[in-house]
Number of protein chains: 2
Amino acid sequence: MDVQPENLIVDAVLNAISEQRLPAGTKLGEQTLSELFNCNRANVRRALASLAAKQVVELRPNRGAFVATPSAQEAREVFQARRAIERTIARQAVARVTDDDIAYLRANIAAETEARIRKDKPTELRLSQQFHMYLAQLSGNRVLERFLAELTMRSTLILGMYPGEGHSCANCDDHVGIVDALTARDEELLLRLTDEHLRHLEAGLDFDLPPVSSVSLKDQLLGSPA
Amino acid sequence: MDVQPENLIVDAVLNAISEQRLPAGTKLGEQTLSELFNCNRANVRRALASLAAKQVVELRPNRGAFVATPSAQEAREVFQARRAIERTIARQAVARVTDDDIAYLRANIAAETEARIRKDKPTELRLSQQFHMYLAQLSGNRVLERFLAELTMRSTLILGMYPGEGHSCANCDDHVGIVDALTARDEELLLRLTDEHLRHLEAGLDFDLPPVSSVSLKDQLLGSPA
DNA sequence: TTAACAATAATTGTTAACAAGAAATGTTAA
DNA sequence: TTAACATTTCTTGTTAACAATTATTGTTAA
């Protein structure tokens with residue numbers, strides 16, 4: 001059995017968003033995608049509908065599909081939802097985590113740190129998301145896992161739209177603390193650190209400055225006229 | 001601007017599931033729906049894809065669309081997710097609730113109680129779901145609201161599949177307690193009652209007895225051969 | 001009667017052509 | 001040069017016909 005082309009498209013778009021190669025607002029034309037993936041438009045439309053259901057793509061009637069552009073309000077809601085969900089995930093994870101899991105998580109953090117030093121932002125972002133999603137898998141609750149998958153994706157979009165100070169180091173540090181709490185099976189500490197970690201992320205956002213001027217071709221071709 | 005037929009279909013199916021007129025496992029044929037709603041198959045397929053994204057419909061390749069049949073494991077996951085989400089919703093609600101909201105909620109409970117006495121199960125189910133969704137709206141968090149909409153829908157399917165004792169009265173009583181806690185702005189009590197309410201619902205399920213034999217025509221035509 | 005097989009019918013999946021709408025381009029007049 | 005308008009081009013939305021798969025029915029042989 002071969003892979004459905006629509007899933008290929010969905011995964012490709014999600015990966016691109018995960019690594020911030022696709023900025024918020026980018027138009028996803030049907031013909032463009034159908035040529036890129038050698039498939040007909042029906043598959044493209046299914047893929048776009050699926051991405052829209054995940055709130056990662058916005059479908060404007062007669063206008064086309066665009067990478068979602070979360071507002072400041074949505075950003076707050078996303079992070080509040082993450083706190084609600086990751087709290088429960090953490091409680092489940094601390095009860096189910098094995099030594100192998102902890103080894104994996106530490107390796108993940110090491111790779112993330114290394115990516116940060118290499119200034120490889122895409123890899124760093126992907127690994128950070130992977131960290132959260134691994135805990136979600138660990139929880140054994142696929143409903144929460146699916147919800148969090150959507151929320152981390154939207155979080156990446158939000159981080160791309162409202163980039164405050166680059167607090168990537170703080171991110172790794174937080175993750176280390178979380179794994180330490182997991183290792184100690186200290187639930188109370190884990191819950192506190194998880195909540196604080198998400199608040200750090202949210203606090204680092206800057207909603208004021210950039211209305212994120214159109215990322216049109218002009219800027220990409222001529223560079224920013226400082 | 002007229003209404004998109006696909007949204008009509010989605011709403012109709014969701015309403016039917018809300019009132020348990022559509023049992024889990026029911027086949028949703030494309031032609032059947034396209035004739036019912038006087039539209040072409042493209043609209044039907046979009047609607048079914050949308051319902052599948054909400055986890056309310058299962059799409060089996062080359063086989064068609066069926067109302068989802070949540071397993072016992074999924075049921076547990078759904079209720080755990082609800083506890084996570086409704087906890088945060090309750091915290092937001094208690095901070096934002098107005099007297100008008102409380103009046104609405106009490107009227108809703110009254111109607112629910114009356115429906116129970118009338119033995120009007122569909123209305124009772126719909127109103128119970130409405131109660132939870134009103135609190136979700138009150139929270140002001142549309143992400144959580146959307147998640148809960150999916151979860152309440154799946155909960156109704158679950159209640160239909162694994163019906164334990166009819167604890168509808170307990171349901172109303174729980175709701176009364178929740179509104180009382182809201183009225184008193186007693187957050188701690190509210191959180192406790194909300195959590196307990198969801199645990200009551202889950203505890204009332206009976207996973208053992210009915211593998212829910214095919215709800216095929218036979219039973220509907222001949223009745224159960226006691 | 002039952003089981004296996006064959007033929008038929010019905011349903012889903014795919015494709016391409018056409019219609020409708022929006023964006024881009026080009027033109028004209030102030 | 002700019003602004004408004006008309007034309008063209010491109011993109012999305014819709015429809016219907018066809019292909020492929022599955023389910024059903026009918027038949028035959030044990």
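Residue numbering restarts at 1 for every chain, and letters A, B, ... go by the order of the sequence lines.
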S139(A): which residues meet the side-chain hydrogen bond (donor to acceptor under 3.5 Å, both in side chains) condition with it, sequence neighbours left out? none
Report the distance from atom CG of L59(B) to atom P of dT12(C), rounded to the nearest whole Å. 10 Å
Are E30(B) and R41(B) ion-paired here, with the side-chain N under 4.0 Å from a carboxylate O? yes
Using distance alone, with no hydrogens and no angle criterion, decide if E112(B) and N171(B) have a side-chain donor and acceptor under 3.5 Å apart. yes
Any residue of residues 27-39 of chain B with a heavy atom less than 4.0 Å from an atom of DNA chain C: K27(B), G29(B), E30(B), Q31(B)
May I have the distance from N62(B) (atom CG) to dT21(D) (atom P), rounded to whole angstrom? 7 Å
Are any protein N/O atoms closer than 3.5 Å to N/O atoms in nucleotides 6-9 of chain C? If there are, list each pair with its distance.
none

Test of understanding: with side-chain hydrogen bond (donor to acceptor under 3.5 Å, both in side chains), list the residues that count as partners of S18(A), not counting sequence neighbours. Q129(A)
Paired and unpaired positions of DNA chain D as dot-bracket, Watson-Crick or G-U wobble under 3.5 Å, | denoting a partner strand: ||||||||||||||||||||||||||||||
State plainly whether the residues E202(B) and R76(B) are in salt-bridge range, i.e. N to O under 4.0 Å. no
What's touching nucleotides 17-19 of chain C from the protein side, N or O pairs under 3.5 Å?
none

Anything under 30° is parallel, anything over 60° is perpendicular, the rest tilted; go ahead and classify H175(A) against H132(A). perpendicular
Quick test of your reading: applying ring-ring contact (aromatic ring centres under 6.0 Å, His included), list the pairs with at least one residue in residues 42-66 of chain A, sequence neighbours left out, ordered by first then second residue. none
Could you check whether atom CZ of R146(B) has more than 12 heavy atoms from other residues, nucleotides or ligands sitting under 6.0 Å from it? yes
Which residues satisfy the ring-ring contact (aromatic ring centres under 6.0 Å, His included) test with Y134(B), sequence neighbours excluded? Y104(B)
Across all chains, not counting sequence neighbours, the side-chain hydrogen bond (donor to acceptor under 3.5 Å, both in side chains) partners of E58(A) are none
Taking the side chain from N43(A) and the backbone from C39(A), do they hold a donor-acceptor pair closer than 3.5 Å? no
Return the value, rounded to whole Å, for the distance between atom CZ of R63(B) and atom C1' of dG13(C). 14 Å
For Q20(A), give me all partners under side-chain contact (heavy atoms from CB on, under 4.5 Å), at least two apart in sequence or on another chain. L125(A), T156(A), L159(A)
Looking at E74(B) and R142(A), is there a salt bridge between them, counting it only when a charged N and a carboxylate O are closer than 4.0 Å? no
Does anything in residues 45-54 of chain A come within less than 4.0 Å of DNA chain C? Heavy atoms only, and list the residues if so. R46(A)
May I have the distance from R60(B) (atom CZ) to dA20(D) (atom P), rounded to whole angstrom? 25 Å
Of E6(A) and P61(A), whose nearest nucleotide on DNA chain C comes first from the 5' end? E6(A)
With no hydrogens and no angle check, do the side chains of S155(A) and R82(A) hold a donor and an acceptor under 3.5 Å apart? yes
Just jot down the side-chain hydrogen bond (donor to acceptor under 3.5 Å, both in side chains) partners of T194(A), sequence neighbours excluded, or say none. none
